[in-house]
There are 2 protein chains.
Amino acid sequence: MANDGTTAATDGTATGSGDTARSLELLWGGGERPSRGPKPGLTLDRIVTAAVAVADAEGLSAVSMRRLSTELGTGTMSLYRYVPGKAELLDLMLDRVLGEPLPAPREEAAEAAGTDRTDATGPGAPDWRAAVDTMARSYLDNLRRHPWLLKINQARTVLGPSALRGLELALGGLRGMGLRDPELIGVIITVNSFVEGLARTQADAAEAVRQTGLSDEEFWDRQRPYLERAMLSGAYPMMATMAEDTFSADFDHFEFGLRRLIAGFEALVRERAEAGTTA
Amino acid sequence: MANDGTTAATDGTATGSGDTARSLELLWGGGERPSRGPKPGLTLDRIVTAAVAVADAEGLSAVSMRRLSTELGTGTMSLYRYVPGKAELLDLMLDRVLGEPLPAPREEAAEAAGTDRTDATGPGAPDWRAAVDTMARSYLDNLRRHPWLLKINQARTVLGPSALRGLELALGGLRGMGLRDPELIGVIITVNSFVEGLARTQADAAEAVRQTGLSDEEFWDRQRPYLERAMLSGAYPMMATMAEDTFSADFDHFEFGLRRLIAGFEALVRERAEAGTTA
DNA sequence: CCAGAATGGGTACGGTGTACGCGAAAACGA
DNA sequence: TCGTTTTCGCGTACACCGTACCCATTCTGG
C-alpha cells in the first residue's frame, strides 16, 4: 500500500504578499530585460519547459530545484534569478499546460445526448451539448496527459492568460443554452469538477499501482480474504448481493456521468424555454 | 502567490509489495499483541488520532513523524513500531475520518429536485433523490472538515471498513432508482467526483488565502490591472461582455451542480420506467 | 532464572527548499 | 577610457523531512 506524503515548502513568511505581483508579471510576461549587467544564460521558458518535461516523465515528485538545475546544466541557485520560488514555478507550469492546443472537437456528441432540441438560438447554431462534451473530453485528456496537474493548487492561476483563453472558449460554446451568466459559469464549474474528481480517482489508482509494484489484480487478490470475511459478517448486506459485473472495468463511468450531466442541463434549458414561450 | 510543493517519500523500494499485507492488517485490526516483550506504551489509535488532530488544525504539511512524536511525548522512531511508514499512516487517517458519524439527512431535498416521481418501488419507499442529496452534502461536509483528505491518495483505501460502510449506506438509498448495479455505482462515482472536484477548488482557494496572507479582495485588486488590460486587448470578447454579477459569491455552484445531477438521474430513471411499462 | 522476543529511541544519511553573500560580467556616466 | 553600478551565476549553509540501522531495556515462557 502506498500513500504519497505531501510536504509543504517553508510555509511561513517565505511566500509572503510581495510575491503576488512578481508572479503576475511572470505569468503575463511583463518584464523588460534590464540593460545593465551580464546577459542571462537561461530563459524562464526553458525552465518551465524542463519542469513540465520532468513532471510528465517521472511525476511531480521528481521536480526539484536541484534536479532541474542539473537538467539545465546550471547551478541550483541560478534558478532563483528567474523564479521567486518553487511555488511560482508550479503556477507557471500550470499555465503552460493549460495553454496547450486542444484536440479537435467530436461532433457525434450532440445527438448522443438525446431528446429534442430547445435552444434559444435556433437549429442552425452550434450545439451547446457538443460544446459541453468537448469541454469535458479535452479537460480529461489534459489531465491524463499531465496527471500532476491534480496535485497543483489551481486557485491562483484561474486568471492566467491560458486559463482565460480556455474559459473564453468554453463560454463561446455555451451561449446557445440561454442561461444567465452565473449559470453558465456554474455549468463549466460543474463539468470541470466532475471531470477533475474522476481523473483524480484514476490517477490515484495508476500511481498506487506504480508505487506498490502490484497490479490491480494482485492487489484485489491480496484484499479478497478481508473482503470476503467482511461480506460474511453480515454488516454489508447490500454489497453482498451485488451482481458480479458491478465493479467491472467495462462500464465507463466517465461516459455515464457526462451523459447524466448533459441531461441535467437539458432539463434546465427546456424549463427555461417553456417559461419563455408562456410568458 | 503560493503553490505548495508536493514532495514524495523515498519513492523507491521503500514502499514495496510486502507492506500491503501489513497495511490491511492495520486497517482491519487483525493484529494480536504478542505476549513476549515489554508492553507497548503507545496505541495505533492514539497515533492516528494525533495525526488527524494536527492535520485538521494546521494542514497535512504539519503532519510529520517528528511532530507527531513530540505531540505524543515519545521518540520519533518509536512510531515505526506501530506503523510501517508514513504512507500507511495516511491510509489509516483516511479510514478514520471516513468512519465519522454522518450528519442527519435533510428531507426537504426530495421535493426540491422537482418534477414527478416514477420510482420502481412505489411512492412509499424512501426517496433516492434525498439519498443522493444527503450523500453529496455529507461528503462535502467531511471534505470541509478535513480539507487534507483531498491531498491523500484514496486509491487503496476504497475497501477499508469505513469506506465499505459508506458505500453500503449509499447503495441502500439508491435502490429505488431501478437501475442496474454498475449504474448505481456510476451514480455514486459521479456525485462523489463532482463534490470532490468542487471541494478541491474551494480548499485550494482557502489555502491560497492562508498562505499568501492576502484576502480574496486584495488578490483580485492586485490582479485587476492585468485583467483589464487583457479585456481591452480584444482577445477575450466573450468574457468582456459578461454581466457584473457573473463571478459573484452569491451564486451557489454546489447547489446548482447538484440539482443538475439529480435532474440528469431523473431523466434516466424515467426513461427506464417508461421502457419497462411498454415492454 | 534466564534465553528470547519485543519495545523505545538515538544517531546518521540522503533528500528537500532556499537565505545569504561573493566574484565576475556587462553597460552607463564621466 | 575608466570607474561605478547593476545584474548574473552559484557555492555554502541551514532547517526541515522520512527512515535504515543498531543497541539497551523490559518483559515473559520454559
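Please read all numbers here as calculations on a predicted model, not as lab measurements. Letters A, B, ... mirror the listed sequences (proteins, then strands); counts begin at 1.
When distances are taken from the side chain of B/M65 to each of D/dG18, C/dT18, D/dG9, the shortest belongs to D/dG18. Across C/dG8, C/dA5, C/dG17, the shortest atom-to-atom separation from the side chain of A/R66 is found for C/dG17. Comparing atom distances between the A/R36 side chain and each of D/dT7, C/dT11, D/dG29 picks out D/dT7 as nearest. With C/dT18, D/dG18, C/dG9 as the candidates, the nucleotide lying closest to the side chain of B/R81 is C/dG9. Comparing C/dG9, D/dG18, C/dA27 by their closest approach to the side chain of A/S35 singles out C/dA27. Out of D/dT28, D/dG18, C/dT18, the shortest distance to the side chain of B/K39 is found at D/dT28.
Between the CG atom of B/L79 and the P atom of C/dG9 there is a distance of 9 Å, given to the nearest Å. Taking atom CG of A/L68 as the reference point, atom P of C/dG15 lies 16 Å away to the nearest angstrom. Nucleotide D/dC17 holds its P atom 8 Å from the NZ atom of B/K86, rounded to whole Å. The CE atom of B/M77 sits 17 Å away from the C1' atom of D/dT25 (whole-angstrom rounding). The nearest whole Å value for the distance from the CG atom in A/L72 to the C1' atom in D/dG9 is 14 Å. The CG-C1' distance, from B/L42 to C/dA6, rounds to 15 Å in whole Å.
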Checklist entry - Taking it one step at a time, do A/R224 and A/D221 satisfy salt bridge (Lys or Arg N to Asp or Glu O under 4.0 Å)? => result CA-CA 5 Å; A/R224 202 177 308 277; A/D221 284 350; 3.0 Å; yes
Checklist entry - Between B/R144 and B/Q202, does a side chain to side chain contact (heavy atoms under 4.5 Å, CB included) hold up when you go through it step by step? => result CA-CA 9 Å; B/R144 279 214 239 259; B/Q202 295 179 355; 2.4 Å; yes
Checklist entry - Does the side chain to side chain contact (heavy atoms under 4.5 Å, CB included) test come out yes or no for A/L90 and A/N153, once each step is laid out? => result CA-CA 8 Å; A/L90 295 181; A/N153 188 331; over 6 Å; no
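Residue whose closest nucleotide on DNA chain C sits further toward the 5' end, between B/P38 and B/T74: B/P38. For the pair B/Y80 and B/G37, nearest-nucleotide mapping onto DNA chain D gives the more 5' position to B/Y80.
A close approach under 4.0 Å does occur between a side-chain nitrogen or oxygen of B/S64 and OP1 or OP2 of D/dC17. Contact between the side-chain N/O atoms of A/Y82 and the OP1/OP2 oxygens of D/dG9 is found at a separation under 4.0 Å. Contact annotation: A/S78 reaches the phosphate of D/dC10 (side-chain N/O to OP1 or OP2, under 4.0 Å).
Using a 4.0 Å cut-off between charged side-chain N and carboxylate O, B/R200 and B/E196 make no salt bridge. Under a 4.0 Å N-O distance rule, the pair B/K151/B/E207 qualifies as a salt bridge.
Using a 4.0 Å heavy-atom cutoff across all strands shown, B/V83 reaches no nucleic acid atom at all.
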